[in-house]
There are 2 protein chains.
Amino acid sequence: MQTSQGELVRVGELEIRPLEGLVLADGRALVLSVREFDLLLALASHVGRVVSREELYRQAWGGTLRSGDRSCDVYVHKLRTKLERALPQQRFIHTHVGFGYRLDPAQ
Amino acid sequence: MQTSQGELVRVGELEIRPLEGLVLADGRALVLSVREFDLLLALASHVGRVVSREELYRQAWGGTLRSGDRSCDVYVHKLRTKLERALPQQRFIHTHVGFGYRLDPAQ
DNA sequence: CACGTTCTTCACCGCGCGTTCACGACTCGA
DNA sequence: TCGAGTCGTGAACGCGCGGTGAAGAACGTG
């Protein structure tokens, strides 16, 4: 199940506005690139659930993930860095080795 | 009888989501490796009944259990440890000496 | 075209994962 | 009481997955 087009999404202290391409962390605006934003949106459309790299790639990049492509991991890292700098005390993106990633404001 | 493909499985306070590789213990996400997850799934597909090592190995590893292979026991131990840490008051995996293991939220 | 930004790819490395071994506790039958 | 079989448990080890920094390609904007 995906979030419908432009709806506002809340995940913990994060507020994602798909229509504007804007993310607010505790009220303060985050500067994200297009890819970073799409990836966050893909993760946010399955909050609390584990999403495979294939699915994330499909949603954020479009097309199918080629074997050996690490783009997904690299951008998870970039996203993590920015989220962590905005909200140091929280961990949002959790790794599930062998499965994928899970966006969850609660540990 | 096995659980069909992706159905959500509930065992006591455990919620197993086969499609995601995710287990919730009382709502909180558990971090399990692929093997641990598959083993739990194998046990959960026969809740309340004793499952032989051969059957567990067939379901979680694939192929037949070679004599002397202790992988199954080792992973039962790993699973127990994680379940016990998540839900200290309960015992889920019960040993039936000479027969196998039984997953049961009730003693 | 020039320049800054974004994206992809690469390489390195630490750590988690799965397998296997070793030892000890326990049970049961001879 | 002894030996064989079963199971719990910690640890060693090789390997692949994922974290991470950086270089270079591609993009977009003026």
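Every chain is numbered from 1 and lettered A, B, ... according to where its sequence line falls, protein lines coming before strand lines.
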> To the nearest angstrom, how far is B:Leu32 atom CG from C:dG16 atom C1'?
14 Å
> Using modelled atom types and a 3.5 Å cut-off, is there a donor and acceptor pairing between side-chain atoms of A:His94 and backbone atoms of A:Asp104?
yes
> Check this one for me: any side-chain N or O of A:Trp61 less than 4.0 Å away from OP1 or OP2 of C:dC7?
no
> Would you classify B:Tyr101 as touching base, sugar-phosphate or nothing, given that sugar-phosphate means primed atoms plus P, OP1 and OP2, and contacts are heavy atoms under 4.0 Å?
sugar-phosphate
> Please list every donor-acceptor pair under 3.5 Å in which a side-chain atom of residues 29-44 of chain B meets a protein atom from a residue at least two apart or in another chain.
from    : atom 1 : to      : atom 2 : distance (Å)
B:Ser33 : OG     : B:Glu36 : N      : 3.3
B:Glu36 : OE1    : B:Ser33 : N      : 2.8
B:Glu36 : OE1    : B:Lys82 : NZ     : 3.0

> Can you find a heavy atom in the side chain of B:Gln89 that is under 4.5 Å from one in the side chain of B:Glu13?
no
> Which ones in residues 76-86 of chain B lie close to DNA chain D, meaning a heavy atom under 4.0 Å from one of its atoms?
B:His77, B:Arg80
> Rounded to the nearest Å, what distance is computed from the CD atom of residue B:Glu36 to the P atom of nucleotide C:dT19?
11 Å
> Measure from the side-chain heavy atoms of B:Arg66 and tell me the nearest of C:dT20, C:dG16, C:dT8.
C:dT20
> Not counting sequence neighbours, list each pair that qualifies as a salt bridge (charged side-chain N to carboxylate O under 4.0 Å, His left out) and has a residue in residues 58-75 of chain B.
B:Arg53-B:Asp73, B:Glu55-B:Arg58, B:Arg66-B:Asp69, B:Arg70-B:Asp73
> Take atom CG of B:Leu39 and atom P of C:dC17, then tell me their distance rounded to the nearest Å.
15 Å
> Taking the side chain as C-beta and beyond, is there a heavy-atom pair between A:Arg80 and A:Thr95 under 4.5 Å?
yes
> Side chains of B:Leu24 and B:Arg17, heavy atoms from C-beta outward: is any pair under 4.5 Å?
yes
> Nearest whole angstrom, please: distance from the C1' of C:dA22 to the CG of B:Asp69.
16 Å
> Is the phosphate of D:dT6 approached by B:Arg53 (side-chain N or O, under 4.0 Å from OP1 or OP2)?
no
> Quiz question: going by heavy-atom distance under 3.5 Å, is there a donor-acceptor pair between the base of D:dG19 and the side chain of A:Arg70?
yes
> Out of C:dT9, C:dT19, D:dT6, which nucleotide sits closest to the side chain of B:Arg35?
C:dT19
> Rounded to whole angstroms, how far apart are OH on A:Tyr75 and C1' on C:dT9?
12 Å
> Whether A:Thr95 contacts D:dG19 is assessed here as follows: a side-chain N or O lying under 4.0 Å from the phosphate OP1 or OP2. Is that the case?
yes
> Output the single nucleotide from C:dG18, C:dT6, D:dG18 whose closest atom is nearest the side chain of B:Ser33.
C:dG18
> Describe, as an angle rounded to 10 degrees, how the axis at the first end of the helix from C:dC1-D:dG30 to C:dA30-D:dT1 is tilted relative to the axis at the last end, five pairs per end.
30°
> Show the nearest heavy-atom pair for residues B:Ser71 and B:Trp61, with the distance to one decimal.
CB-CZ2, 4.0 Å
> If you group Ile, Leu, Val, Met, Phe, Trp and Tyr by side-chain heavy-atom gaps below 4.5 Å, do B:Val50 and B:Leu65 land in one group?
no
> Can you tell if the side chain of A:Leu103 reaches within under 4.5 Å of the side chain of A:Phe92, non-hydrogen atoms only?
yes
> Grab the two heavy atoms, one from B:Ala25 and one from B:Ala86, that are nearest each other, plus how far apart they are.
CB-CB, 3.8 Å
> Along nucleotides 25-30 of chain C, 5' to 3', which nucleotides get a B, which get an S, and which get a -, given that the test is a protein heavy-atom distance under 4.0 Å?
------
> Quick check: do A:Leu87 and A:Arg28 have side-chain heavy atoms less than 4.5 Å from each other?
yes
> For A:Asp26, which residues count as a salt bridge (charged side-chain N to carboxylate O under 4.0 Å, His left out) partner, sequence neighbours excluded?
none
> Between C1' on D:dC7 and CZ on B:Arg102, what's the gap in Å once rounded to a whole number?
17 Å
> Of all the nucleotides listed (D:dC7, C:dT8, C:dG16), which has the minimum atom distance to the side chain of B:Val97?
D:dC7
> What is the separation between atom CZ on A:Phe99 and atom P on C:dC17, rounded to the nearest whole Å?
10 Å
> Rounded to whole Å, how long is the line connecting atom CG of A:Asp73 with atom C1' of C:dC13?
15 Å
